[in-house]
Amino acid sequence: MTRHLPVKSSLFQSNRDRLRGLLPEKSLVVVNANDIPPTNADAVMIPVPNSDLFYLTGVAQEESVLVICPDAHEEKHREILFLRETSEHIAVWEGYKLTKEQARATSGVRTVMWLQEFPVMMRRLMCESDHVFLNSNEHARADIVVESREARFVRETVAMWPLHRYHRLAKLMHELRPVKSEEEIALLKEACRITGDGFRRLLGFVRPGVHEFEVEAELAHEFIRQRGRFAYNPIIASGNNANVLHYLDNNAVCKKGDVLLLDVASTYANYNADLTRTIPVSGKFTKRQREVYDAVLRVLRGCIKNLVPGKLPKDWQREAEELTQVELLKLGLITEKDIKKQDPEKPALKKYFMHGVGHPLGLDVHDVAAIGAPFAPGWVMTVEPGIYIPDEGFGIRLENDVLITADGTVDLMADIPIEAAEIESLMKKARG
Ligand code: GLY
Ligand code: MN
Ligand code: MN
């Protein structure tokens, strides 16, 4: 059984339909599950579903393979899902695995076979096909040193069948996945709702003397009890830890006078939220913290407004930097003189805001999209400006998840408290 409630198979069916719409005649598509990476001794990591396989089938189980061959001679071979055959032995040692009927109901794929039938079917369908679409991780920022299951499969297939025309499935997936359907948006909203509950829970919990890991535990409790789990390693960074952008230790004590940066969110049905809030440990921001907080909030609001269909992400980033620069001048962190003499490759503002202002969000936290593709209706973007001031011992980032539509943006986190005064008043109320 999955942790999340059943998702209608029509979502995955329509995703496959959209993919088929992009294929030339006589195509064959193969998508593999992820390997379960080993750790130490006989231990393995917690399995992570392959996002493309889930997108196309709703199946997260290891070793599964989806084959799509729209022009296959036999109608029943046009979509096949291969699963590792379950057995009494597997049931005893590993527990529940999908039956053929369950896989059919989950994915809407009518033909489900056990994995041992794959080589024979693959040979047959290769003989019927001209164009072969295989998958690869083409995320621009991926840093891969281990050959994945998919990469092994590509290597072996091309070696065995060198005369076919091979294509990059990732290119098509990067075209399809950024545009979210209504069902996907509902799942993202559920992830945001759970995330919001986790954040509200913290407002009554955070106080001087609490460890960052105790805050993490509170969130884990709230997310998991609501069928979620951490969407990514939570960043719970008090004081100067907030200025380490990828801070993951979460071991420090939250001190009076510090602000606590929380980049924490839940996933639901493999769809991820991505939230950042920054709150005062003592329940009240200092005057300076509040000034910087309000500056970041203004940038966030400006950047949400700037998310319009047709705009290029790099132009949106430039606008975010312009908005931040105005605030940095007002805060006295940079001067007009700094700007005048700056190296255009290293603008002065980058000292205080050095990361991207947002990214597509979905089945991956940094979701896939074609590089340089303009925003379009259906995209969900994070919006996450920040100002980091190590010299003053704090950093502030705020992050909401926003849907782009033809008639404006929809902030999927609009009801998660963000105004400084509201956060202070909720913290005060929660403490009684
Ligand atoms: N939590 C990861 C990010 O904000 O991109
Ligand atoms: Mn984040
Ligand atoms: Mn983010």
Side-chain angles (χ1 to χ4, degrees), residues 48 51 137 139-143 177-178 180 187-189 191-199 202 212 215-216 219-220 222-223 228-238 241-250 259-268 270-279 293 296-297 299-304 306-307 313-314 316-317 320-321 324 350 352-369 371 375 379-388 395-404 409-414 416-418:
V48 176
S51 300
N137 182 338
H139 196 289
R141 280 170 35 191
D143 179 12
R177 280 181 42 195
K180 270 67 183 180
L187 297 171
L188 284 166
K189 280 185 177 165
C192 291
R193 189 195 63 71
I194 298 169
T195 300
D197 281 0
F199 175 64
L202 295 185
E212 293 162 350
V215 176
E216 182 176 344
L219 285 167
E222 194 61 38
F223 293 171
R229 50 170 60 99
F230 281 116
Y232 47 87
N233 292 328
I235 298 171
I236 300 172
S238 60
N241 295 335
N243 296 313
V244 180
L245 295 179
H246 292 158
Y247 177 75
L248 296 175
D249 292 348
N250 300 350
V259 287
L260 176 65
L261 185 152
L262 302 147
D263 188 342
V264 292
S266 182
T267 188
Y268 178 77
N270 300 312
Y271 281 85
N272 298 294
D274 188 0
L275 172 85
T276 307
R277 290 290 182 268
T278 310
I279 65 174
Y293 189 97
V296 175
L297 185 53
V299 177
L300 176 105
R301 297 216 159 114
C303 292
I304 291 178
N306 287 343
L307 274 176
K314 67 175 180 187
W316 183 56
Q317 175 73 29
E321 290 173 6
T324 306
K350 293 258 184 188
Y352 299 100
F353 172 52
M354 60 298 277
H355 57 75
V357 70
H359 49 85
L361 182 72
L363 282 169
D364 289 297
V365 176
H366 294 169
D367 212 20
V368 294
I371 293 174
F375 297 138
W379 280 43
V380 173
M381 291 293 294
T382 69
V383 183
E384 48 184 305
I387 294 179
Y388 308 90
I396 304 236
R397 176 165 70 253
L398 297 170
E399 179 175 22
N400 276 14
D401 305 339
V402 175
L403 168 67
I404 301 173
T409 52
V410 181
D411 187 342
L412 304 180
M413 294 182 152
I416 303 181
I418 195 164

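Ligands are counted one by one from 1 in listed order, and the atoms in each one are counted from 1 as well.
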Original post:
Taking only protein atoms, how many N, O or S atoms are found under 2.8 Å from the Mn ion (ligand 3)?
Top reply: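 Total protein N/O/S atoms under 2.8 Å from the Mn ion (ligand 3): 4.
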Minimum heavy-atom separation for [X] and [Y], please, with both atom names.
X: Val357; Y: Cys303; value: CG2-SG, 3.9 Å
X: Ala237; Y: Tyr247; value: CB-CD2, 3.6 Å
X: Leu261; Y: Thr276; value: CD2-CG2, 3.9 Å

Determine whether the side chains of [X] and [Y] contain a donor N or O and an acceptor N or O closer than 3.5 Å.
X: Asp274; Y: Thr382; answer: no
X: Asp263; Y: Tyr232; answer: yes
X: Asn270; Y: Arg229; answer: no

**OP:** Mind checking side-chain hydrogen bond (donor to acceptor under 3.5 Å, both in side chains) for Thr409 and listing every partner two or more places apart, or none if nothing turns up?
**Re:**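 In terms of side-chain hydrogen bond (donor to acceptor under 3.5 Å, both in side chains), with neighbours along the sequence ignored, Thr409 is linked to no residue.
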**OP:** For His139, enumerate each residue passing the side-chain hydrogen bond (donor to acceptor under 3.5 Å, both in side chains) test, keeping only those at least two apart in sequence or located in another chain.
**Re:**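 Per chain and number, His139 pairs via side-chain hydrogen bond (donor to acceptor under 3.5 Å, both in side chains) with no residue.
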Present, as a list of atom pairs with distances to 0.1 Å, all nitrogen or oxygen contacts under 3.5 Å between ligand 1 and the protein.
{"unit_1": "ligand 1", "atom_1": "1 (N)", "unit_2": "Asp263", "atom_2": "OD1", "d": "3.1"}
{"unit_1": "ligand 1", "atom_1": "1 (N)", "unit_2": "Asp263", "atom_2": "OD2", "d": "3.2"}
{"unit_1": "ligand 1", "atom_1": "1 (N)", "unit_2": "Asp274", "atom_2": "OD1", "d": "3.1"}
{"unit_1": "ligand 1", "atom_1": "4 (O)", "unit_2": "Asp263", "atom_2": "OD2", "d": "3.3"}
{"unit_1": "ligand 1", "atom_1": "4 (O)", "unit_2": "Asp274", "atom_2": "OD1", "d": "3.4"}
{"unit_1": "ligand 1", "atom_1": "4 (O)", "unit_2": "Asp274", "atom_2": "OD2", "d": "3.1"}
{"unit_1": "ligand 1", "atom_1": "4 (O)", "unit_2": "Glu384", "atom_2": "OE1", "d": "3.0"}
{"unit_1": "ligand 1", "atom_1": "4 (O)", "unit_2": "Glu399", "atom_2": "OE1", "d": "3.3"}
{"unit_1": "ligand 1", "atom_1": "4 (O)", "unit_2": "Glu399", "atom_2": "OE2", "d": "3.2"}
{"unit_1": "ligand 1", "atom_1": "5 (O)", "unit_2": "His359", "atom_2": "NE2", "d": "3.0"}
{"unit_1": "ligand 1", "atom_1": "5 (O)", "unit_2": "His366", "atom_2": "NE2", "d": "2.7"}

**OP:** Taking the side chain as every heavy atom from C-beta outward, state whether Lys189 and Val380 have any pair of such atoms under 4.5 Å apart.
**Re:**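 No; the side chains remain at least 4.5 Å from each other.
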